[in-house]
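From a predicted model like this one, the values you see are computed outputs, not experimental measurements. Numbered from 1 within each chain, the chains take letters A, B, ... in sequence-line order.
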Amino acid sequence: MTSYKSDFLRLLDQRGQIHQISDAVALDALAVEGPVTAYIGYDLTAPSLHVGHMANIMMLRRLQHTGHKPIVLMGGGTTKIGDPSFRNEQRPLLDDARIKANKETIKSVFKQFMSFGDGAADAIMVDNAEWLDRLEYVPFLREIGRHFSVNRMLSFDSVKSRLEQEQPFSFLEFNYMILQAYDFLELKRRYDCRLQMGGSDQWGNIINGIELGRRVDGAQLFALTCPLITTASGAKMGKTAGGAVWLNADMASPYVFWQYWRNTEDEDVVRFLKLFTDLPLIEIERLAALQGSEINEAKKVLATEATAIVHGRAAAEEAEATARKTFEEGALADTLPTVEIDTEALRNGVGVLTAFSELTGLVASNGEARRQAKGGGLRVNDRQVTDERATLTAADLTPEGVIKLSLGRKKHVLIRPRAG
RNA sequence: GGAGGGGUGCCCGAGUGGUUAAAGGGGACGGACUGUAAAUCCGUUGGCUUAGCCUACGUUGGUUCGAAUCCAACCCCCUCCA
């Protein structure tokens, strides 16, 4: 299935985002016929989505770009259950307040990826708590539950390892896939939503929704999954030292985000350019031809383009400039992440270890700072820290009025005396 | 409710009375080499006011000069039986 007729599937295909489609021919035809409404659901388990979610969100973006209507489904209801798919243990249950707070902070990021509104191709956002919270147990079981075969549910890959490893698998979690299936039905009824997309790990859950739609409403619904995106070395996307690379600016600055992409492995650059930017394929082909250290040019383009989508063009370019000054010109970029300090405190002298740990958070503890110093990993104003008892004072301020702390070659934070 | 098995550091996993802040592996971080890449090699990987002290092997209490290791009770998980 390589030649799709619809712009939508062709685009996703070119971008390497199609893993499985439930009925590719029919979906392709549907998308040619007219606007299709499709959704992706997001769990509200953290205050922000992270890089690992970005490929998914790009699918919704591309859906809209090709004239269709995206629905962002906030999992306000399903997050109360917790998706057991491919997990070997139950995750801790989040309380309602936490979920609500997460929803508020997660919401904002989608506006960067697509336009919301009341128009035909405008994206909309709904929360499945709206209908799930109101379900009545017995009626739900009779209307919906009877269509699910436990035998079948137990056969899904997504729960197989859980069962084989004999790990606890609660009835609560077992219901997740039923609720997700019901979401699909509900969205089909409310918005004529015909397609559910997601990561390849969602295939089983989505198929359940399709079958439910057929059995209950006689509707043909579709599934489309994106391959699980890992790095060439097999790591999941978005994991770094400090944890996940978040999409919310207050949890990962545009600079940090830019750096994440800048450090992409050579093998991944072309694939990532396709997935995480809107750059035309012709341009990507040009970048793909680069060899050796020239590949760094492609990485910069990737970083700037991906950052521009999430944080805006201006922030992306500033991040690029910051990186250029810091890494290529060896200059001091005053746009590096900055921590303020009391002038008073600086006058009294701040221990280097404290500066690296408590003050800037470059390392987790004084002990780690000590170890890093021993291993040559700490630098102040680009000079290695050899004496762990040293203190930082006003005398260490550069002509620019800051002190630059570095952990390794890549992580830099500026300390700036608080004005006034 | 009964019988048996199990709960160790970020994860996996060894350890069955002392030299154990706990082997080994993974991951992570740092260093070298490079191209802010990968691979490779080296180092580090509980906290602190670091020749010392504190906290730590499900929880609490006990035995002992000394416990992750022995005992008791409790909590949780798994399997089989009811």
Side-chain angles (χ1 to χ4, degrees), chain A residues 87-93 161-173 230-245 255-273 287-288 290-304 306-307 319-331 333 336-337 349-354 356-358 360-380 382-391 404-413:
Chain A
R87 294 188 152 262
N88 282 330
E89 49 192 45
Q90 178 162 15
R91 33 183 155 189
L93 287 174
S161 107
R162 184 76 158 269
L163 294 171
E164 278 171 1
Q165 295 191 21
E166 299 179 338
Q167 289 302 304
F169 187 23
S170 72
F171 183 65
L172 174 80
E173 297 174 276
T230 55
T231 68
S233 345
K236 279 189 186 162
M237 294 291 294
K239 291 269 187 70
T240 65
V245 178
Y255 170 75
V256 166
F257 192 79
W258 193 93
Q259 280 297 321
Y260 174 77
W261 295 105
R262 174 62 184 81
N263 286 297
T264 296
E265 297 175 30
D266 285 9
E267 315 293 293
D268 290 328
V269 182
V270 173
R271 191 162 53 101
F272 286 2
L273 279 165
L287 293 168
L290 298 173
Q291 294 298 319
S293 60
E294 288 181 332
I295 295 175
N296 285 330
E297 289 312 309
K299 291 185 189 178
K300 287 182 222 166
V301 173
L302 168 65
T304 301
T307 307
E320 182 174 10
T322 302
R324 188 173 56 245
K325 280 186 213 160
T326 305
F327 292 100
E328 293 176 30
E329 297 167 10
L336 281 170
V350 179
V352 247
L353 300 181
T354 312
F356 274 94
S357 58
E358 277 167 49
T360 61
L362 278 167
V363 297
S365 66
N366 281 6
E368 192 187 335
R370 204 169 269 123
R371 274 180 244 123
Q372 289 293 4
K374 211 167 286 173
L378 301 187
R379 277 172 302 147
V380 172
D382 298 317
R383 212 165 312 118
Q384 243 179 27
V385 173
T386 46
D387 177 12
E388 60 182 48
R389 314 187 83 104
T391 55
K404 180 181 175 190
L405 300 190
S406 313
L407 170 65
R409 297 239 170 272
K410 293 187 193 171
K411 281 166 229 143
H412 311 280
V413 173

Does A:R379 put a side-chain nitrogen or oxygen below 4.0 Å from OP1 or OP2 of B:G31?
-> no
Distance-only, no hydrogens or angles: does the A:T307 side chain make a donor-acceptor pair with backbone N or O of A:A303 under 3.5 Å?
-> yes
Grab the CZ-P distance between A:F257 and B:U36 for me, whole Å please.
-> 22 Å
Using a heavy-atom cut-off of under 4.0 Å over every strand shown, decide if A:K374 touches base, sugar-phosphate, or nothing.
-> nothing
Spell out yes or no: do the side chain of A:Q372 and the base of B:U44 have one donor N/O and one acceptor N/O closer than 3.5 Å?
-> no
Quote, to the nearest angstrom, the C1' distance that separates B:A14 from B:G25.
-> 11 Å
Spacing of the P atoms in B:U16 and B:G6 (rounded, Å) = 14 Å
Are the side chain of A:T231 and the backbone of A:A235 linked by a donor-acceptor contact shorter than 3.5 Å?
-> yes
Checking B:A37, B:C29, B:U36 against the side chain of A:K411 (C-beta onward), the nearest is B:C29
Which value, in whole Å, describes the distance between the P atoms of nucleotides B:U63 and B:G15?
-> 29 Å
Atom CG of A:L302 and atom P of B:G35: how far apart are they, to the nearest Å?
-> 21 Å
salt_bridge(A:E368, A:R371) N-O dist < 4.0 Å = no
Roughly how far apart, to the nearest Å, are B:G7 and B:A56 at atom C1'?
-> 15 Å
Grab the CZ-C1' distance between A:F327 and B:U34 for me, whole Å please.
-> 15 Å
Grab the CZ-C1' distance between A:F169 and B:C78 for me, whole Å please.
-> 16 Å
Heavy atoms under 4.0 Å, any strand shown: does A:Q259 hit a base, just sugar-phosphate, or nothing?
-> base
Say you pick atom P in B:A21 and the same atom in B:G46; how far apart are they, in whole Å?
-> 13 Å
Backbone of A:S170 reached by a side-chain donor or acceptor of A:E173 within 3.5 Å = yes
Going through the distances and angles, do A:L336 and A:T322 end up as a side chain to side chain contact (heavy atoms under 4.5 Å, CB included)?
-> CA-CA 6 Å; A:L336 281 170; A:T322 302; 3.7 Å; yes
What residues form a ring pair (Phe, Tyr, Trp, His ring centres under 6.0 Å) with A:Y255, not counting sequence neighbours?
-> none
Please state whether the base of B:G47 and the side chain of A:N366 form at least one donor-acceptor pair under 3.5 Å?
-> no
Given side chains that start at C-beta, do those of A:D266 and A:K299 come closer than 4.5 Å, heavy atoms only?
-> yes
How is A:W261 classified with respect to the nucleic acid when contacts are heavy atoms under 4.0 Å: base, sugar-phosphate, or nothing?
-> nothing
Between A:Q384 and A:E320, who's closer to the 5' end of RNA chain B by nearest nucleotide?
-> A:Q384
Output yes when at least one side-chain N/O atom of A:S365 is less than 4.0 Å from OP1 or OP2 of B:C48, else no.
-> yes
Closest-nucleotide 5' rank along RNA chain B - winner of A:R389 and A:R409 | A:R409
Taking atom P of B:C11 as reference, at what distance in whole Å does atom NZ of A:K236 sit?
-> 15 Å
Reckon A:K410 has a side-chain N or O less than 4.0 Å from the OP1 or OP2 of B:G35?
-> no
Enumerate, in order of first residue number, the stems that involve RNA chain B, defined as 3 or more consecutive Watson-Crick or G-U wobble pairs with both distances under 3.5 Å.
-> B:1-7 with B:75-81, B:10-12 with B:24-26, B:27-32 with B:40-45, B:46-48 with B:52-54, B:58-62 with B:70-74
For B:G26 versus B:U34, give the span between their P atoms, rounded off to a whole number of Å.
-> 26 Å
From CG of A:L353 across to P of B:U50 the rounded distance in Å is 10 Å
Expressed in whole Å, how much space separates the C1' atoms belonging to B:C10 and B:A28?
-> 8 Å
Just checking A:T326: base, sugar-phosphate only, or nothing, at a heavy-atom cut-off of under 4.0 Å?
-> nothing
Among the candidates B:G47, B:A37, B:U36, find the nucleotide nearest to the side-chain atoms of A:R371.
-> B:G47
How is A:A323 classified with respect to the nucleic acid when contacts are heavy atoms under 4.0 Å: base, sugar-phosphate, or nothing?
-> base
Here the distance between atom P of B:C48 and atom CD of A:E388, to the nearest Å, is 12 Å
Rounded to the nearest Å, what distance is computed from the CG atom of residue A:D266 to the P atom of nucleotide B:U34?
-> 16 Å
Report yes or no: does A:Q372 contribute a side-chain atom to a donor-acceptor pair with the main-chain N or O of A:G377 at less than 3.5 Å?
-> no
Which nucleotide sits closest to the side chain of A:E368: B:U36, B:C29, B:A39?
-> B:C29
C1' atoms of B:G47 and B:A37, separation to the nearest Å | 35 Å
OG1 of A:T264 to CD1 of A:I295, rounded to nearest 0.5 Å, is 11.5 Å
For the pair A:R379 (side chain) and A:L407 (backbone), establish whether a donor and an acceptor sit closer than 3.5 Å, ignoring hydrogens and angles.
-> no
Look at A:R370 and B:U49 and indicate whether a side-chain polar atom (N or O) is within less than 4.0 Å of OP1 or OP2.
-> yes
